[in-house]
Novice: 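My questions will all concern the structure given below.
Numbering of ligands and ligand atoms starts at 1, following listing order. Just so it is clear, the values below take in all heavy atoms, side chains as well, and ignore hydrogens, waters and symmetry mates. Heads up: numbering here begins at 1 and tracks the sequence.
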Amino acid sequence: MGLEGRDLLTLGDLSPDEVALVLERAKIQKRMWAQSSNRPRPLADRAVAIIMLKPSMRTRISFEVAVRHLGGAPIMLIGEGSVFSRGESVKDTVKVLERYCDCIVLRTYDQSHLDEVAQHASVPVINALTDDYHPCQVLADLLTIDEHFGRLAGLKLAYVGDGNNMANTLLIGAALTGMNAVVACPPGFEPLKAAVTRAQEIASATGAVLSVVRDPREAVDGADVVVTDTFTSMGQEGEHDKRLAQFRGYQVDTGLMLFAKPEAIFMHCLPAHRGEEVTDQVIDSAQSVVYDEAGNRMRAQKALLSLIMG
Ligand code: CP
Ligand code: NVA
């Protein structure tokens, strides 16, 4: 088992042992970083291309700081005109990029664009969010849950809202770590079939129990972790008003949180749309761990980069 030179295109690329390795490395690095005398720089003299073709705050900054902490040079390529522009083919772009950079971190729209980049790249490629998956976020989420409860296997995670890139990846993440996961979504907004199939495949080996239901209360009942995400993901802005109506009844509010265990935590990858998928009362409550979750983006990515490029 080793992650050296590997891509991370979807979380399902990793085995349960490899996810455990990333989380363990993140915890060790966090402790080592606290002792300022012991800060290894495994990325010294290496460069990481960080390409963001969609907006980003957390992912962009956490990757940039992670690469710097590890002694490497982050090359920030932000926005449409930065790369994959002027009609240049994916192949030509990647073949040039890999001559300057030792790893490519990419946020894009279609998963197939990311896959095509990986197909041409001789350096590792990391998914920084696509329409379908957000593996780096879910590694940080797993780290946050593990730090909070001291374990993952056997916990119940409830995701309420859109069956989007976060729901797809959380199902896979839960399966990989033996967490039971329930997604509650309105008809027509179910998680991706391929993600559910991959998650079920993994779950049959780890013992996780996964399901997709309609009723948010059924999902949240007895949950240890309650998660939601925006009803309108990047690229869907034109559908915002229609989607607000379609997701009526799927807001995480104080009443819904009462169905979870009293010690349950609330998570959201952010940015949150307060008053839409979650109320101020919930996101600002003592149960909310959203800022620690965001902080763990950098820790999980430092661990991932060290293992892939170490
Ligand atoms: N959670 C997350 O990926 O945030 P950004 O879109 O700001 O990177
Ligand atoms: N589902 C959201 C996640 C943002 C981090 C989106 O894709 O816009």
Novice: Is it the case that Arg107 and Thr59 place a side-chain donor and acceptor less than 3.5 Å from each other?
Specialist: yes
Novice: Can you list the ligand 2 atoms lying under 4.0 Å from a non-hydrogen atom of Asn165?
Specialist: 1 (N), 2 (C), 6 (C), 7 (O)
Novice: With sequence neighbours left out, what residues match Arg68 under side-chain hydrogen bond (donor to acceptor under 3.5 Å, both in side chains)?
Specialist: Glu64
Novice: Which value, rounded to the nearest 0.5 Å, describes the distance between Leu114 atom CG and Gln119 atom CD?
Specialist: 11.5 Å
Novice: Is Arg107 in polar range of ligand 2, meaning some N or O pair under 3.5 Å apart?
Specialist: no
Novice: Can a side-chain donor-acceptor contact be found between Asn165 and Gln137 if the only test is distance below 3.5 angstrom?
Specialist: no
Novice: For Lys91, I'd like to know if atom NZ has over 12 heavy atoms of other residues, nucleotides or ligands within 6.0 Å.
Specialist: no
Novice: With heavy atoms of Leu270 as the reference, note each atom of ligand 2 found under 4.0 Å away.
Specialist: 5 (C)
Novice: Tell me if the NZ atom of Lys95 is crowded by more than 12 foreign heavy atoms within 6.0 Å.
Specialist: yes
Novice: With sequence neighbours excluded, tell me which residues meet ring-ring contact (aromatic ring centres under 6.0 Å, His included) with His69.
Specialist: Trp33
Novice: For residues 207-217, tabulate all N or O donor-acceptor pairs below 3.5 Å that involve a side-chain atom, not counting sequence neighbours.
Specialist:
unit_1 : atom_1 : unit_2 : atom_2 : d
Arg214 : NH1    : Cys185 : O      : 2.9
Arg214 : NH1    : Glu190 : OE2    : 3.2
Arg214 : NH2    : Glu190 : OE2    : 2.6
Asp215 : OD1    : Arg217 : N      : 2.9

Novice: Aromatic rings Phe247 and Phe189: how do their planes relate, parallel, tilted or perpendicular, breaks at 30° and 60°?
Specialist: tilted
Novice: So which protein heavy atom does atom 3 (C) of ligand 2 come closest to, and at what separation?
Specialist: Asp229 OD2, 3.6 Å
Novice: Against heavy atoms of Leu129, which atoms of ligand 2 measure under 4.0 Å?
Specialist: 3 (C), 4 (C), 5 (C), 7 (O)
Novice: Report, as yes or no, whether the 6.0 Å neighbourhood of atom CZ on Phe149 holds more than 12 heavy atoms from other residues, nucleotides or ligands.
Specialist: yes
Novice: Which ligand 2 atoms are under 4.0 Å away from a heavy-atom of Ser233?
Specialist: 1 (N), 2 (C), 6 (C), 7 (O), 8 (O)
Novice: Of the protein's non-hydrogen atoms, which lies at the shortest distance from atom 8 (O) of ligand 2, and what is that distance?
Specialist: Met234 N, 2.8 Å
Novice: Enumerate the protein residues lying less than 4.0 Å from ligand 1, judged by heavy-atom distances, in chain and residue-number order.
Specialist: Ser56, Met57, Arg58, Thr59, Arg107, His134, Gln137, Cys269, Leu270, Arg297
Novice: Using non-hydrogen atoms of the residue, decide whether Asp162 is closer than 4.0 angstrom to ligand 2.
Specialist: no
Novice: So, regarding Pro271 and ligand 2 (criterion: nitrogen or oxygen to nitrogen or oxygen, under 3.5 Å), is there a contact or not?
Specialist: no
